[in-house]
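Working notes for the structure below.
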Amino acid sequence: MGYDVQEVELRWQARWATDGTYEVENNGTKPTYYVLCMYPYPSGPAHQGHVRNYTFGDLNVRHARMRGYDVLSPIGFDSFGLPAENAAIKSGAHPRPFTDARIEELKASLKRLGAVYDWRREVRSHDPQYIKWNQFIFLRFLEAGLAYRATAPVNWCPGCQTVLANEQVLSDGTCERSGDLVTKRELEQWFFRITQYADELLEGLDELEWPERVKTMQRNWIGRSEGATFRLAVDGRDDVSIEVFTTRPDTSFGMTYVVLAPEHELVDQVTTPERRAAVDAFRERVRSATDIERQSTEQTGRERGVDTGARAINPFNGQSVPIYLADYVLPGYGTGAIMAVPAQDQRDWDFAQAFDLPIVRTVQPPDDWEGEAYTGDGPAINSDFLDGLDVAQAKKQAIEWLVAKGIGEATVNYRLRDWLLSRQRFWGCPIPIIHCPTDGAVPVPDDQLPIVAPDDVEFLPTGESPLRLHEGFLRAACPKCGGPAMRETDTMDTFVDSSWYFLRFCSPWEENRPFDPEMTKRWMPVDQYIGGIEHAILHLLYARFYTRALADVGIAPKELREPFPRYVPQGMIRMDGSKMSKSKGNLVAPEQYFESVGADALRLFHLFVGPPTDDVDWTDQTDEVIEGCGRFLQRVWRLGTDEVQGPAAIDRDPTAEDLEIVRASHRLIARIDDNFSRWSYNTAVAATMEFSNTLHRYIAEGARRETLAEAVDTLLLMLAPMAPHIAAELWAHRHDGAHIHEQPWPEADPDLVAVTTATLVVQVNGKVKDRIEVDAGIDEVEAERIARASEKVAEALNGGEIRRVVAKPPRLVNLVVGPPASG
RNA sequence: GGGCGAGUGGCGGAAUUGGCAGACGCGCAGGAUUCAGGUUCCUGUGUCCGAAAGGAUGUGGGGGUUCAAGUCCCCCCUCGCCCACCA
């Protein structure tokens, strides 16, 4: 009987769907397990990246289920976003039908892959119910002071007369649509106060089972740095002082000038009349410069800054130093002003050189130091009461001095900024605010939620949100005074949608609240989170913030802090050196493999090709490897059907060879358990291949019927999470239609896993001279005796004196010899 | 510039605590089956010397620790990713 891949796979997929095999109730009694793949942006049929992602997820779901858990396996769609809006602008049609069509395509692919979900729990970001609770949460955050309004610059395209997302600005700073140079424009926008959680988000990382490099990325993103802030008097001015932040208060005696960011609020106040024109010209140049230009390291020299004419007093030594503006000081970090210490900071050094400013070393560099600015440790010099102290001591002393003087204190600074969530886009969740001329920004009352964008909108090729032109949407009564007011037309960043969808999955049918905290308690945190590393910073950080904030405003359980204690980032699929993606047009559709070798073979390929976190190169050889996986499954099929077993198997009392097969089966289980726990799926597949080869050899030499049947069953159980269709089909054949995925995961018997014999490697001076089969239980004395008895070893010794014996029974003996004793 | 990874046959990769380097697969070669191609099965396959037995050599390069190093330490080279004027 041949294996009709298509027929078998489609039949089982239909059965899993109609039986609701992977639907899970919220009132089960088994222990719970929550497996989650990052919900996808619906871009159409699945590509290989999806296949890889959902193969890992599905393996975890099926494996956990067989291990006896109630498994929550939900999926949804991150269905708001720019691509759909762009498609709408291009076609003039509303993004909703476009998005719904893409979702259906992606769903079909996932089902054809054999990935199983509780489809009753499907969540879509653009669903009015989801929008409602998204807005509800925003309003609670607003009440709690976690959301606020402030002005911030946006990318503005003068040609399109519209705001651009960062990804719409090309690397040369021009608009991707019109080619105009993009400028900055200040707008009133909404923020989430994520910085309030900076410390907790940082500390929480320590206990997460995430790859170290992802944690490092988050740590760097949060960017905690300890230092001091202190105030500098402005020479001849009692009314203003400049506050600076530094991580090196120990170097304060080396301050030879002060720098304000060009945007700093004190610039106008301190600039002297004779420098006014030069300062204004500089500020204008910085303002119109693109981020690229401003951050260009090419730029050096005098165009990078300007003298304000004002002077500040260094409180440490009373010296008067000039105040400059420089583009390398950023308005958003620290206090937007620095004390410049060129001897210990290379940027300050370069600037000082360009402007002929003095350089005073306050840390003694090593004797062989040939560089410029020295940032290392060393004794303080030229620093009065700090002289002789090392950097750490000097920092401490300097801060104590500032505190005693009452002009500064130790401070902690973060690189992390508050989360700007406003987007001047149509295809997103509307921000539920009404702007009233008398009452200002007024929250939409809960009973008016959701605020959903209208259907009768016209998409113009300007890129501007059509909400801004829709009178019916715009006009609203102020909830406070009832007067005429205008609706907010900005929508939320789509990262907002993805910051709590995993909580909604726990009780997606809730109509009176975002989710049921009890059900959240039952399922959360997610036991295994899987998704691309491109979300390693923002999505994961935002979701961690949201979870805490929801707990703190009382929507989620108080004790829920970390949503994803265990996260595995899968590697990306590369082709010709770049990421495989729809936009690059280098997709290799999974469908062709579904039709040829089948979903199981393609899944097996993705598991087998390498470690899950490694990138996969799609090459000329890839098709051959996929076919190899298909060939392996054909061999499994022959093992699992009577074709081989019937004529070949023998009824007999068990022999030593038969027992070896039983042992090999248990070793396979132990190995798969270990591999699965370490996410080493490539070696897990290799283990099943090895076992299959063992069984084929066993059959060739005459297999015992019962032993073979049990061994094949074990192989099928191990394959059930990896190649579910063929495993299900063969199991049903062999066990009267029973369902393999409802079988318990077998347990390896330690007695059978333990080896009874081992290969003792005998080395002479570290070189392998002999290999001897020995009893696994031998001790050191016995191992040495066996090693010395070896003829090959005697030959290699060649009369040399054994000076030392290293015995590690039962695996290795190393005989260390000197030269032959000379006569 | 900073941080984090990684470099193993023709290729993807394996080797959990230092203990037989190259599991498993692809490819390739030879053979069996076949009219032939395909399929399937068997055998071989790091490199060098050798007919073979066997020997030498071998995990980016150099040094070190150790009875023993792909694995640990130091220096260097190359590649990848992330953050990048963060005071």
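Just so it is clear: chains get the letters A, B, ... in the order the sequence lines come, proteins before strands, and each one is counted from 1.
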Task: Heavy-atom check, side chain of A:Met38 versus side chain of A:Tyr567, under 4.5 Å - done: yes
Open item on the list: Under 4.0 Å, heavy atoms only, any strand: does A:Thr335 hit a base, just the sugar-phosphate, or nothing?
Closed with: nothing
- [ ] Just call it for A:Gln621: base, sugar-phosphate, or nothing, with non-hydrogen atoms closer than 4.0 Å on any strand.
- [x] base
TODO: For residues A:Phe676 and A:Tyr681, establish whether the separation of their ring centroids is below 6.0 Å.
DONE: yes
Open item on the list: Say we look at B:C72 and B:G7: how far apart would their P atoms be, to the nearest angstrom?
Closed with: 11 Å
Open item on the list: If I pick the P atom on B:C67 and the same atom on B:C11, what distance separates them, to the nearest angstrom?
Closed with: 36 Å
- [ ] Take atom CD1 of A:Ile537 and atom P of B:G3, then tell me their distance rounded to the nearest Å.
- [x] 17 Å
Task: salt_bridge(A:Glu209, A:Lys215) N-O dist < 4.0 Å - done: no
- [ ] Using a strict 4.0 Å threshold on nitrogen-to-oxygen distance, state whether A:Asp250 and A:Lys395 make a salt bridge.
- [x] no
TODO: Identify whether any heavy atom of A:Lys767 sits under 4.0 Å from a base atom; if not, whether one sits that close to sugar-phosphate; answer base, sugar-phosphate or nothing.
DONE: sugar-phosphate
Task: Residue whose closest nucleotide on RNA chain B lies nearer the 5' end, A:Gly334 versus A:Gly610 - done: A:Gly610
TODO: Select base, sugar-phosphate, or nothing to describe what A:Val761 touches, counting heavy atoms under 4.0 Å on all strands.
DONE: base
Open item on the list: Would A:Arg415 and A:Trp221 count as a cation-pi pair here, with the cationic atom under 6.0 angstrom from the ring centre and within 45° of the axis?
Closed with: yes
TODO: Look at all strands and tell whether A:Arg671 reaches a base, only sugar-phosphate, or nothing, counting heavy atoms closer than 4.0 Å.
DONE: nothing
Check the interface with nucleotides 66-70 of chain B: list each N/O to N/O pair with the protein under 3.5 Å, or write none.
from  : atom 1 : to       : atom 2 : distance (Å)
B:C67 : OP1    : A:Arg804 : NH1    : 2.7
B:C67 : O2'    : A:Asn814 : ND2    : 3.2
B:C67 : O2     : A:Asn814 : ND2    : 2.6

Open item on the list: For a quick test of reading the model: is some side-chain N or O of A:Arg631 closer than 4.0 Å to OP1 or OP2 of B:G27?
Closed with: yes
Task: Residue-phosphate contact under 4.0 Å: A:Arg635 side-chain N/O, B:C41 OP1/OP2 - done: yes
Open item on the list: Rounding to an integer number of angstrom, what distance separates B:C76 and B:C26 when you compare their C1' atoms?
Closed with: 35 Å
Task: Ring center gap for A:Trp618 and A:Phe605 short of 6.0 angstrom - done: yes
TODO: Please state the C1' separation for the pair B:G13 and B:G46 - nearest whole angstrom.
DONE: 15 Å
Open item on the list: Which is it for B:G9, anti or syn, if anything within 90° of zero counts as syn?
Closed with: syn
Open item on the list: Could you tell me if the side chain of A:Ile242 sits less than 4.5 Å from the side chain of A:Leu260, heavy atoms only?
Closed with: yes
TODO: Would you classify A:Gly336 as touching base, sugar-phosphate or nothing, given that sugar-phosphate means primed atoms plus P, OP1 and OP2, and contacts are heavy atoms under 4.0 Å?
DONE: base
Open item on the list: Under 3.5 Å for both donor-acceptor distances, Watson-Crick or wobble: does B:G38 have a partner, and if so which one?
Closed with: none
- [ ] Looking at every strand, decide which applies to A:Pro211 at a 4.0 Å heavy-atom threshold: base, sugar-phosphate, or nothing.
- [x] nothing
Task: Distance below 4.0 Å between A:Asn220 side-chain N/O and B:C4 OP1 or OP2 - done: no
Task: Atom C1', compared across B:G60 and B:U8: separation rounded to whole Å - done: 10 Å
Open item on the list: What contact category does A:Asn693 fall into here, base, sugar-phosphate, or nothing, at under 4.0 angstrom with non-hydrogen atoms?
Closed with: sugar-phosphate
- [ ] Step through the shown structure and confirm whether more than 12 heavy atoms of other residues, nucleotides or ligands are within 6.0 Å of CD on A:Glu372.
- [x] yes
TODO: Could you measure between the two C1' atoms, the one in B:A14 and the one in B:A21, and give it in whole Å?
DONE: 10 Å
Task: RNA chain B: 5'-proximal contact among A:Ser225 and A:Val685 (nearest heavy atom) - done: A:Val685
TODO: Determine the Euclidean distance between corresponding P atoms of B:A15 and B:U65; express it in Å to zero decimal places.
DONE: 30 Å
Task: Cationic N near anionic O, under 4.0 Å, A:Glu627 to A:Arg631 - done: no
Open item on the list: What's the gap between B:G64 and B:U71 when it is taken at their C1' atoms, as a whole Å value?
Closed with: 15 Å
